[in-house]
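A short write-up of the structure that comes next.
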Amino acid sequence: MSCIFCDIREKKVPAEIVYEDEDIMAFRDADPRAPVHILIIPKKHILSLSEIDEEDRELIGRICRVAARIARQESIARSGFRLVVNSGPDAGQAVDHLHFHLLGGRSMSWPPG
Ligand code: 5GP
Ligand code: ZN
């Protein structure tokens, strides 16, 4: 099964990587919806947020810490940012590899459309 984010993880598809460790990778979205739009993924292929289980608890916590760290790096920690997960069809999930959108650099409306 082909997966674009697994291909980015394997560096078969280029991306502007802003963070990487053993278990997590973050790269700029190809179609940014805000001045800062970064995708943070677990390297492990998890289909969606609804597929996580107990053994992923630490991984998900670490992804949140990575998001805060990148927000500081990108100078949006003070101005504010949004961390978004689209899970399933109603949320418009287009890539079936769990990813967190880190969005910032402009004010955002609520609720999202
Ligand atoms: P979703 O709608 O699944 O929550 O978000 C998928 C995101 O992945 C979209 O914002 C889209 O722009 C981004 N994306 C899709 N393909 C690629 C790609 O090949 N490279 C990068 N950097 N982003 C991608
Ligand atoms: Zn994948």
Side-chain angles (χ1 to χ4, degrees):
M1 188 208 65
S2 79
C3 168
I4 185 72
F5 289 173
C6 284
D7 286 349
I8 288 174
R9 177 197 65 214
E10 299 300 321
K11 311 219 164 97
K12 290 179 189 156
V13 167
E16 193 185 335
I17 296 165
V18 298
Y19 177 87
E20 183 172 10
D21 66 29
E22 210 183 320
D23 304 307
I24 297 167
M25 186 182 250
F27 49 88
R28 294 193 194 279
D29 197 290
D31 182 20
R33 301 307 176 99
V36 176
H37 187 174
I38 289 164
L39 302 172
I40 307 168
I41 65 164
K43 286 191 169 175
K44 172 178 150 183
H45 182 93
I46 301 173
L47 272 173
S48 74
L49 197 62
S50 60
E51 299 291 320
I52 61 168
D53 55 36
E54 184 58 30
E55 71 170 33
D56 301 316
R57 176 203 283 256
E58 194 201 329
L59 176 64
I60 301 302
R62 286 183 46 221
I63 287 174
C64 290
R65 291 200 64 205
V66 165
R69 173 181 166 157
I70 296 171
R72 287 194 297 275
Q73 270 173 25
E74 297 285 324
S75 306
I76 55 169
R78 278 170 176 267
S79 52
F81 59 89
R82 203 170 269 176
L83 192 61
V84 175
V85 180
N86 296 319
S87 187
D90 274 0
Q93 182 178 2
V95 178
D96 290 334
H97 180 136
L98 175 62
H99 51 283
F100 291 65
H101 295 257
L102 175 66
L103 295 149
R106 64 168 172 83
S107 70
M108 285 171 259
S109 58
W110 186 262

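Both counts, for ligands and for their atoms, begin at 1 and track the order of listing. Here the structure is a predicted model, which is why all the values come from computation and not from measurement.
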Please say whether more than 12 non-hydrogen atoms of neighbouring residues, nucleotides or ligands are located less than 6.0 Å from CZ in R106. yes
So, R9 side chain and K43 main chain: donor-acceptor pair closer than 3.5 Å or not? yes
Against heavy atoms of I4, which atoms of ligand 1 measure under 4.0 Å? 19 (O)
So do M108 and R33 actually touch side chain to side chain, heavy atoms under 4.5 Å? no
By number and element, which atoms of ligand 1 are closer than 4.0 Å to a non-hydrogen atom of D31? 12 (O)
Backbone N/O of I24 and side chain of D21: donor-acceptor pair under 3.5 Å: yes
Keeping the roles fixed (side chain from Q93, backbone from V95), state whether a donor-acceptor pair exists under 3.5 Å. yes
Does I40 offer a backbone N or O that forms a donor-acceptor pair with the side chain of H101 under 3.5 Å? no
Indicate yes or no: does R69 engage E74 in a salt bridge with an N to O separation below 4.0 Å. no
Does some side-chain heavy atom of L39 sit less than 4.5 Å from a side-chain heavy atom of F5? yes
A student checking ligand 1 against F27 at a 4.0 Å heavy-atom cut-off should list atoms 22 (N)
Distance-minimising heavy-atom pair for P42 and H97: O-NE2, 2.9 Å
Can A15 be said to touch ligand 1, with heavy atoms closer than 4.0 Å? no
In the protein, what heavy atom is nearest to atom 22 (N) of ligand 1, and what distance, to one decimal place, separates them? R28 O, 2.9 Å
Interfacing atoms of ligand 1 (cut-off 4.0 Å, heavy-atom, Q93): 3 (O)
Please report which non-hydrogen protein atom sits nearest to atom 2 (O) of ligand 1, along with the residue it belongs to and the distance in Å to one decimal place. G92 O, 3.0 Å
I need the atoms of ligand 1 closer than 4.0 Å to a non-hydrogen atom of V95, numbered in the order shown. 3 (O), 6 (C)
Validation row: F100, I60 side chains within 4.5 angstrom (heavy atoms): yes
Below 4.0 Å from ligand 1: does a non-hydrogen atom of H99 turn up there or not? yes
For ligand 1, is there an atom lying under 4.0 Å from some heavy atom of I8? yes
Do any nitrogen or oxygen atoms of F5 lie less than 3.5 angstrom from nitrogen or oxygen atoms of ligand 1? no
Could you tell me whether L39 approaches ligand 1 through its side chain, its backbone, both or neither, with non-hydrogen atoms closer than 4.0 Å? side chain
When rounded to the nearest 0.5 angstrom, what is the spacing between CG in L83 and CD1 in I38? 11.0 Å
Smallest heavy-atom separation, A26 atom then I70 atom, equals CB-CD1, 3.5 Å
For atom 12 (O) of ligand 1, what is the nearest protein heavy atom, given as residue, atom name and distance? D29 OD1, 2.5 Å
Which protein atoms of type N, O or S are found under 2.8 Å from the Zn ion (ligand 2)? C3 SG, C6 SG, H45 ND1, H97 ND1
Is it true that H101 lies under 4.0 Å from ligand 1, counting heavy atoms only? yes
Looking only at protein heavy atoms, which one is nearest to atom 3 (O) of ligand 1, and what is the separation? A94 N, 2.6 Å
I'd like to know if E58 pairs up with R65 as an ion pair, taking the criterion as any Lys NZ or Arg NE/NH1/NH2 lying under 4.0 Å from an Asp or Glu carboxylate oxygen. no
Answer yes or no: is there an ion pair linking E55 with K44, defined by an N-O contact shorter than 4.0 Å? yes
Ignoring angles and geometry beyond distance, decide whether H37 reaches within less than 3.5 Å of ligand 1 through its nitrogen or oxygen atoms. no
What about A30: any of its N or O atoms under 3.5 Å from an N or O on ligand 1? yes
